[in-house]
Amino acid sequence: EQIALDIRYEDADLLVINKPAGLVVHPGAGQPAGTLQNALLHFDAKLVEIPRAGIVHRLDKDTSGVMVVARSLRAHTRLVEALQERDVHRQYVAVVLGAMIAGGSVDAPIGRHPRDRLKQAVVDEPAGKHALTHYRVRERFRAHTLIECRLETGRTHQIRVHMAHAKHPLVGDSQYGGGMKLPKGATAELVQTLRGFKRQALHAETLEFVHPGSGEAIRCTAPVPGELLALLAVLREDAAAHAEAEEALTAYLMEAGQNRAQHAAIERVAARADFAALAPAQRRAVELALRGFRLSGVALEGAARARFLRS
C-alpha cells in the first residue's frame, strides 16, 4: 500500500524511519490496511521474506518518532538480539502533567491490566515483567514538564505506564490518566491548545545501535513534530507571562510595604460587591488598615471585613 515514508537512514541491511503519530505499525483486527507494515511492503517487496516485514520493535499508534526496520534475515536476527541484550539506545521526549522537581528512574514490573485487557499496568511478578525507565527534566513549566526518557527495557506502553505510576501521566493520554490540567490563570490559548491535543505527548527522538553488518555505530534522530512544538511554545509563553506578572507583583508589594498574605486579603475583600461600591477614598482607607495588620491571610481577611462592616 502506497504510504509516504520519512526515511532517516537507508542501506541494503536496514531502514530507519520517522513514524508519524496516527500510523498503526502492524495490521490487526479492525485495521487490515493503512499501516506501517503495508507501507514497507510497498516500498520494498522483498520484505515479505522477513518476519513482520522487518519490523523488530514498535511504537504506539499515537507515538511519533524513529524506528529501525531490518531488510535482511541477518540484520533481523542481530537487531532482535541487540534489543534483547539492551544494546539499542532509545531516547524519547514527553510532556507530563505536574511540575517535576528532578529526574529519576521508575523500576516497576509491567503486565496486562487485571481488569482492562486493552491496558498495561504495574503488576507484581511473575505476571509483570521487569521494566526500567530513566527520565530527566529538560524544561519545567507552571503545571507541566518536558522530560527526556531512556528505556532499559521495551514493554508495551512502558513510558506511559511508568509515568502514570509516578503520578505524572503524559499530556493527552486519556488511557492512562493524562487529562487536562490547567495552571491558575491559564490563557485562553493554553486552554484551547491543551483541549485540542488529542494524542499522548510522546516522541521517539533518538535511536542508537551498532549496524548489524558493518559494526558501525549508527545514530538517527527525528525532529519533534509540529503539534508537539506548538504545545511547548504555548506552555513557554504561559510560563513567561506568569513570571513577568510575578516580578511585577513582587515589585509592587515591596514598594507598597505589603507581604503576599496582606495583598491576598486585600484582593479577597476588594472582590466583594459592597466594597466595590465604596468611594475611592474609603477603599484606600481599608487597604491602609489591612497593611497595618500582622496576621495570617485568613485572619487578616476576617479582621478587615469586621473593620469594614463597622465603618
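These figures come from a predicted structure and were not determined experimentally.
Counted by atom type alone, Thr187 and Asp238 present zero donor-acceptor pairs between their side chains at under 3.5 Å.
Thr133 places no side-chain N or O within 3.5 Å of a backbone atom of His162 that could act as its donor or acceptor partner. One N or O on the side chain of Gln158 and one on the backbone of Leu132 form a donor-acceptor pair closer than 3.5 Å. A donor-acceptor pair is defined here as one N or O able to donate and one able to accept, closer than 3.5 Å; such a pair exists between the side chain of Arg140 and the backbone of Ile101. Looking only at distances, a side-chain donor or acceptor of Arg142 sits under 3.5 Å from a matching main-chain atom of Lys184. A distance-only check finds a donor-acceptor pair linking the side chain of Lys198 to the backbone of Arg195 [under 3.5 Å]. Remark: side-chain polar atoms of Arg136 are not paired, donor with acceptor, to backbone N or O of Gly103 under 3.5 angstrom. Glu1 places a side-chain N or O within donor-acceptor distance of the main-chain N or O of Gly34, the cut-off being under 3.5 Å. Listed for the Arg155 side chain is no donor-acceptor partner under 3.5 Å among the backbone atoms of Gly111.
Closest heavy-atom contact between Cys149 and Ile159: CB-CD1, 3.8 Å. For Glu227 against Ala21, the heavy-atom pair with the smallest separation is OE2-CB, 4.3 Å. The nearest pair of heavy atoms linking Pro32 to Pro27 is O-CB, 3.8 Å. Summarising the geometry of Val16 relative to Cys220, their closest heavy-atom pair is CG1-CB, 3.7 Å, with the distance given to 0.1 Å. When all heavy atoms of Lys181 and Gly98 are compared, the closest pair comes out as NZ-CA, 4.0 Å. Taking both residues in full, the closest heavy atoms of Leu5 and Phe43 are given as CD1-CB, 3.9 Å, listed atom of the first, atom of the second, then distance.
In this structure, the side chains of Val122 and Val161 come closer than 4.5 Å at one or more pairs of heavy atoms. Using a 4.5 Å cut-off on side-chain heavy atoms (C-beta onward), Thr35 and His26 make no contact. Ile17 has its side chain within reach of Leu36: a pair of non-hydrogen atoms, C-beta onward, lies under 4.5 Å apart. Counting heavy atoms from C-beta outward, Val68 and Arg90 have side chains that stay 4.5 Å or more apart. Side-chain contact check for Leu194 versus Val171: some heavy-atom pair is nearer than 4.5 Å. Looking at His144 and Leu97, their side chains come closer than 4.5 Å, going by heavy atoms from C-beta outward. Put simply, the side chain of Val25 does not reach to within 4.5 Å of the side chain of Gln37, judged on heavy atoms. Counting heavy atoms from C-beta outward, Val123 and Glu125 have side chains that stay 4.5 Å or more apart.
Atoms CG and CZ, on Leu228 and Phe197 in that order, are 5.0 Å from each other to the nearest 0.5 Å. The NE2 atom of His76 sits 9.5 Å away from atom CD1 of Ile55, with the distance rounded to the nearest 0.5 Å. One distance of note links CG of Asp62 with CG of Leu202; it measures 10.5 Å at 0.5 Å rounding. In this structure, Tyr135 OH and Leu151 CG are separated by 14.0 Å, a value rounded to the nearest 0.5 Å. The structure places CG of Asp173 at 4.0 Å from CZ of Arg160, a figure rounded to the nearest 0.5 Å. Here the CG-OG1 distance, from Asp60 to Thr156, works out to 7.5 Å after rounding to the nearest 0.5 Å.
Counting heavy-atom neighbours within 6.0 Å of Gln192 CD, excluding the residue itself, gives a total of 12 or less.
We find that Arg150 and Glu148 are not joined by a salt bridge, their nearest charged nitrogen and carboxylate oxygen being 4.0 Å or further apart.
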Discussion item. Between Arg117 and Arg112, does the side-chain contact (heavy atoms from CB on, under 4.5 Å) criterion hold? Intermediate values first, please.
Written reply: CA-CA 6 Å; Arg117 306 303 292 173; Arg112 187 76 67 182; 3.1 Å; yes

Practice prompt. Any chance you could lay out the side-chain contact (heavy atoms from CB on, under 4.5 Å) test for Glu152 and His130, step after step, and finish with the verdict?
Written response: CA-CA 10 Å; Glu152 291 284 352; His130 172 63; 5.9 Å; no

Discussion item. One pair to check against side-chain contact (heavy atoms from CB on, under 4.5 Å): Leu235 and Leu146. What are the steps and the verdict?
Written reply: CA-CA 10 Å; Leu235 288 170; Leu146 173 65; over 6 Å; no

Worksheet item: Would His203 and Asn18 satisfy side-chain contact (heavy atoms from CB on, under 4.5 Å), going step by step from the backbone distance to the final call?
Response: CA-CA 10 Å; His203 174 70; Asn18 177 20; 4.2 Å; yes

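Listed by chain and residue number, His113, Asp116, Gln175, Tyr176 satisfy the side-chain contact (heavy atoms from CB on, under 4.5 Å) test with Lys119 (two or more places apart in sequence, or in another chain).
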